[in-house]
Each structure stands twice: as C-alpha cells, then as structure tokens.
Amino acid sequence: MSRRALVLAVLAGLAALAVPARADSVFGIRGIGLLGRPLSARASGAAGAFALFDGTSTSNPASLSQILTTSGWGTFAATARTFSDGPVGATLGSTRFPLFGFATPVGRRAVVGVSVSDYLDRTWSDSTGQDTLLRDSAVTVADLASSTGGVTDIRVAGAYRLSDAVSVGLGVHVLAGSTRLTIARSFSVTSFANYSEVATTTFSGLGVSAGVQARLGPRLAAAASVRVNGRLTASVLGGASTTVALPVEAAAGALYVPVNGLGVAVSAGYQTWSRAAADLAAAGRPGTRNVWNVAVGAEVTAVRWRGETLPIRVGYRWRQLPFGIEQQLPAGTVPLTVTVPLNEHALSAGVGLVLAGDRATLDIGAETGSRAAGNASERFTTGFLGLTVRP
Amino acid sequence: MTPGRLAAGAALAALLAGLGCRENVTAPGSCPALCPAANIVVVDTVLTGIVTSDTAYRGYVAPAEAQTLVLADLDSLQSVALVRFGARDSIWYPTSNDTAVGIGHVDSVQISLTLTDRDTTLKNLRILVYRLPAQFDTGMTWADVQPFLADSELVDTIPVADSLTAGTVVWNVRPGVLDTIPVADASVVALAFVVRASGKTGLGLTATENSAGGPHLEWFVHAPAPRDTLTHAFLIGAEYDTFVFDPPQPTPSNALVAGGLPSARSILRLQLPSLAIDSVRVLRATLILTPTARARGLPKESFLISARGLVRDLGPKSVIFSDTSAGGTTSVTVGDSSEIDIEVGRLLRAWGTTAGDSLPRVIMLLSEPEGGGMGEVSVARESGGAAAPRLRVTFVRPYPFGLP
C-alpha cells in the first residue's frame, strides 16, 4: 500500500469512527434537542452563507464536487455562554468537535465522501434546590439533571459534475448516537442516601439528501438541496422505544462575485419540524413548529499574506428553532401556558491560512450571538478552528 | 518556522486554550420551562406483614466469653464475677545473666479492676472480694457460689470513689490475706467479686476478652537474705473469668430477643416488594420493632442492637455479613419501652445489587458487640399483629426515562 493510500485509509477510518461533539445549549433540554449546524470552520466564518457551496460542510451533497483532491477535515469549536432567565443565570463553557469528513475524487467528474456531524444536541445540565418535608422533617435537596450526547448524522455522499457549470449530488444519511441522561438528588442530611440514576438512549434513523450546484454566469452561482428524513427511533437501553417523525429540509443559496476577490452569498433554509408535533404530543411533550434559517456573508480573497491568499470572511445568520419554551400565563387564563418561540442570531468572522504548500488549510473563525425565548436568553461566543488536509 | 508564524501559532493556541479549557454545562434550573419534563417523585410508606417467619436463639456468647463481667445485687438480677488468675511464679531473674531469686517476703498485693459503667446515682459503691477455691468448677452456678460468699472468705472490700464513672480502680489488699498461696493451689488465686452500694445496683468490669484487659493481681516482693534488697513485682492477669447470675435470662415464646448473656439473636425472614430492594432508589429504610417489655440489663446501661444481613440462612448457625456497614445499629437504654428504629437502607440497597441478588432476605437481630453486656431487648414477633416488625421505606419512584 502506498503512503498516500495509507493516509487516505486512515483519514477515511477516522471520519467513519469519529463521534462529533456538539454545540451545547441550555435550550437543548427542549423538545428532542438543539438543531446542529454541520458547518466547517470555513463556512462558519461567514455565518454559513457559503455552506451550500462548501464541500467540507454537509448541507449540500453536490458541493462535494468542489473537492478536487483527496481531503480530510475536522472542526474544533470552543464556546463560552452566558445564560439568564430573570434572576437565574450562569456562565457556561464547553469544547466540542462538530464535524469530521473525508472525500476523494473518483475519476474526473465524481467525488465521494463520508462525513460525521451533529444533527441534534442533547448536552445540557441543570441543577435545582428546594426544601421538602420528608418523614415529618424539613430536608434540603439538590437535584441535578444532566444529559450528554445527541444525534449524529453520518452521511455517505457522492457528487457528479455534469458539466463545468453544473454539479449534482446525492447523500444517504444514517442517524446514530446516544444520550446519557443522569437524574440525581442529594440530601442535606446523611440519613437519606443520595439518589442517582442513569439511562442511555440510543438513536437510529435514515435520511436521503439531494442537491445541485450551478454556475449561472461568470459572477453568479446558485445551489439548492433537499433532505428527506425518516423517523428517528429513540430506545432506552433495556427499556421503552419510541419514534419521532423528522422534518423535510430544503435550502437554497446564491453566490455572487461583484468584483474579483470578493464573494457575497446568501442562503435560506426551511425545515418542517411540525411533522414531529404529533409524536411529541403523544409523549406528553410540547409542540414544535416549522422553522426558517437565513444567512448572509462575504468572503474577500484579494488579500495576500506571505505569498498566499488570505481569505477573510464575515457573516450574519438568523434562525428559528423548532422547540420553544412554555411560559406560564396569569391564573384564570385559558390556556394556562403559551409556547414562546426560540430564535437565534449571530455575527461571525474568520480567516483561512494555507499551510504546507497548499497541502493543508487552517480556517479560523468566531461568532457571537444569542438565542432567546421570552425572558430566557443565552449569549454565546464560539471560536472555530478547522483543519483540512490534502495529503 | 519563522518567528512570526511561531508567535501567531502561540497566540492562536493561547486563544483556543482560553476558550477550550472551560467545560461547564451545568446551569441553575429555570423550571419548569428549562427543566426535565419529569420530576423525581419520593414516596414514604410503611410496609407491614413483611416477616414470613422468625425465630429467637440464645447462647452465642457465654458469660465466660463476654467482654464484660457483670456484678449486680438487683431484685431483677443478681450477679457475681468469678476470676481465676494465672499461676504466680515463685522465682525471678534480677538481670538476664543473674541466678534465679526466690520470694523472701510479700510487701503488698494489689488488685486492678476496670469499670465499664456504673449507676452514678448510687453512692458508697464498693466491690467485695471473696476467695474461691483455686480450681473452682467452670460450670459453677449462682447457687454453687453462694457458700463461698461468706464473711470467712472475705479478702477485702474495694471502695469506688463516687466521682469515678468508668476507669481503673487499683487497691492494695489487706496485708497478709493474699501474701501466701497454699501449696495445693499451685500458685493460683481465684476470687469472686460482689457489688454493694447505698442501694441495689449493678456494675460492669472489663473481662480478659475486652481490649482494655481484665482484672489483675500484682505481688510486690523482696528477695530473701542475703539479697533482700532486691525487689520485684509479679503481675498476673486472669486465666479464666466469668460471672454467674440469677435469675437466668428468659427467652419468651411470644417475643424475639436480642442481646443479653448468654447472648440471644433473632432471625427475621422477610418478603419485601421490589420497591424496597433497590440499589438506587431506596433512600432510607427503617426497621420498626415494638418492644414487648422494657429493655433489660444493668440500670441506666445503654447498649447497641444491630440488624445485620446474612450470607447464608442456616438458622441459629447462619453466616452473618462480615461488613457491619451493611446493616444498621441503634442505641437502647435499659428501661426503654419505646419503638426501636434501626436503619437498614444500606442492607436493602446491597440486596438490590447484582452481587446481593442471591443473598437471603433475612435480618439477624443481635447486640453490638455481642456479649458486651447484659443489655437485652424483646420485641414483638410476626404474629404480633400491629406490633409485628414493619419497614418504613422512603424511595424514588422509577423515573420515566423515555423520549429524551
């Protein structure tokens, strides 16, 4: 086996085995989790506006056609968050790896790839305390509910260049992953034993995606993708199993180059999460809604540093999240609660560095934004680091 | 790598380390909106009818094996301690390379006794010491010992200071009484100890089985002439000690008994619902026992009663869990007749583990340490109706893990 083939095999193996860790949020406790953003650090630098054209992101299988040589990539994301809900607040932080991938050209026109990314995040933890009466004595208890993990999207995709201007792609998505939910209670007195119970829930599901990417002129390109998901099966280890319908997802975007060295992109997506409402209601969980997401961004490639192009990216994104939070209404009101929608927006920026004679690219990005529903809000700042290797 | 790239790399690493080293995902719960849909539900209930069969046994620790020698002149209990001391040597070696030296004359003899507890409300406590035949019968009963408690056999009376509640009493025996040991006794002295006070009372002395040591005799002697300036002390501990008492402790047929001497144990065979046997969800479990009589023992004596699990249920010869933490203990004071509560949550949690699944659902009641004193409880059996042993369990209902 040649050295190149060995490196390819290792990269493919890593991509297949990698378990992505997700971007956490306090709001991940709602519904079946926080929607993942399977974007490379490069796409994240421009708020995801270029994601439909980015071969290392998983939004559009047709974008794999952008990959001209065997490549492997991974993204590191570190997030600092500040959560507040009236008098309640906390400063949080975490480090995650939201995306791994590998792709290689097959022949002159085709590219195949494997990626592993986050689809739904279920990593959250919250603690509460209360005084309660046990055996006729007042006892202070501290409860901790903690979930780690989520749903992982393993995509096997191929893209085909129909012509120099048009590429199409097809992807098969396998949803996998698990969450480990810990419920614990500790007591202020030693006469009661502390309680802690753990349940592991595994997920499985399937989806297919198709996409197209076309150059509409010398300065304009467009891309679109659609993804149809089956049902997500959640099985508690040694316990019950349930299924939830997953949405149909559609996205479209345009990339315009007004002048050489500057690209401007806009993209929008729509997900029919209301399909899950009936299953969630059957499980006693609140409803959900169909959601939109929009991103605009720009990439300047006119800047050079040490003889290499230094892409500079900026962007803004906004998205709706399907699982809102219930807000209590004044007594006597019908209904007693109302679901407040959860929305998120962020500003981002980033740069790319070419390393090792174009055999590797280091993309650095950051975004800052917030997600809020009613009085509850979470401000976040995330640093992205992406490495793409072309051995 | 150029210095510029090195600096850029270091700055990048520092930035990512600053962001990346934080791992805190725990937020204060903002309930109910941002808390789990289900709550932890705690239930506290009393399980009755849990005992399927029970038995009481007596005779595990005999008075001769007990850690305490009981002295009493109560109406409810009369008890005398009997001690046979080891043989006293008749020679000693002043130094390691010297010749043996015999006993010229005895200067004095000391008795050392250690009190474990006493009734402090009674004054003028004293211990009467009588001489027994050196080779007295170890099967001697309360009746058998009476003839030796005559004034003619009185060696001495040891006063105990009113201020002393526990500790060692050292007393010089009246001169001449124990100076010589009859040849027929083969250098062995045996004594009986009787308690008296301003009122009827009881007293505990440490026995040789006790880590504090039992009674001692010490002879202070001079060598014979011409080496009569040499002195020596022979310290002799008890070779055998026991106590005899009257009346014998009863084992009522309508009650379960634990403690006392000879010590009693009771076995409770249980049938418990699954909610009470769980390694995770049982928060607290209390075995509730209803006494059928006041706790017996020495006045104001406090003692421990344990509820322990078994490795094997072999009736009176059952193998008890060696881990004392897998069970519970509670303190009882003589005269108490209130409900006896023993925490057994750890045992029930141990039964709920994979390793504990095969263990018999049996609890053994016994005193702790067994044979530590006369303290004894008798409690209602499973046939005792509302007074039968019962279990108060505080547990968590199964959490509805399901759709995440």
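In what follows, every chain begins at residue 1, and chains take the letters A, B, ... in the order their sequences are listed.
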Tell me, side chain or backbone of [X] under 4.5 Å from chain A's heavy atoms, or both, or neither?
{"X": "B:Val396", "result": "side chain"}
{"X": "B:Ala38", "result": "neither"}
{"X": "B:Val42", "result": "side chain"}

Heavy atoms only: give me the nearest [X]-[Y] pair and the separation to one decimal.
{"X": "A:Ala376", "Y": "B:Leu34", "answer": "CB-CD1, 4.1 Å"}
{"X": "B:Pro28", "Y": "A:Gly89", "answer": "CG-O, 3.3 Å"}
{"X": "A:Phe83", "Y": "B:Ala27", "answer": "CD2-CB, 4.3 Å"}
{"X": "A:Leu92", "Y": "B:Thr26", "answer": "CD2-O, 3.3 Å"}

Margin query: As a quick check of understanding, evaluate side-chain contact (heavy atoms from CB on, under 4.5 Å) for B:Arg284 and A:Leu134, giving each step before the final call.
Written below: CA-CA 10 Å; B:Arg284 185 176 178 183; A:Leu134 266 180; over 6 Å; no
Check: Counting only N and O atoms by type, is there a donor-acceptor contact under 3.5 Å from the side chain of B:Arg349 to the main-chain atoms of A:Ala193?
Finding: no
Next item on the list: May I ask you to test the A:Ile29-B:Pro36 pair for a side-chain heavy-atom distance under 4.5 Å?
Entry: yes
Margin query: Please rank B:Cys35, B:Gly345, B:Ala285 by heavy-atom pairs under 4.5 Å with chain A and give me the top one.
Written below: B:Cys35
Item checked: Distance (rounded to the nearest 0.5 Å) between B:Glu343 CD and A:Ser191 OG -> 7.0 Å
Next item on the list: Output the distance between atom CD1 (B:Ile40) and atom OG1 (A:Thr128), rounded to the nearest 0.5 Å.
Entry: 7.5 Å
Just so I understand: if I count every heavy-atom pair under 4.5 Å between each of [options] and chain B, which residue has the most?
{"options": "A:Gly129, A:Ala199, A:Gly324, A:Pro87", "answer": "A:Ala199"}
{"options": "A:Gly86, A:Ser127, A:Ala90", "answer": "A:Ser127"}
{"options": "A:Asn194, A:Ile183, A:Val340", "answer": "A:Ile183"}
{"options": "A:Glu326, A:Arg185, A:Arg135", "answer": "A:Arg135"}

Check: Does atom CD of B:Gln271 have more than 12 heavy-atom neighbours, drawn from other residues, nucleotides or ligands, at distances under 6.0 Å?
Finding: no
Check: Is atom CZ of A:Arg231 surrounded by more than 12 heavy atoms (other residues, nucleotides or ligands) closer than 6.0 Å?
Finding: yes
Check: In terms of heavy-atom proximity below 4.5 Å to chain B, should A:Ala366 be classed as side chain, backbone, both, or neither?
Finding: neither
Margin query: Taking side chain as everything from C-beta outward and backbone as N, CA, C, O, which of these in A:Phe192 sits under 4.5 Å from a heavy atom of chain B? Side chain, backbone, both or neither.
Written below: both
Note to self: For a side-chain contact (heavy atoms from CB on, under 4.5 Å) check, start with the C-alpha distance between A:Phe187 and B:Leu283, then their side-chain angles and the critical distance, and finish with the verdict.
What the structure shows: CA-CA 10 Å; A:Phe187 296 85; B:Leu283 305 178; 3.5 Å; yes
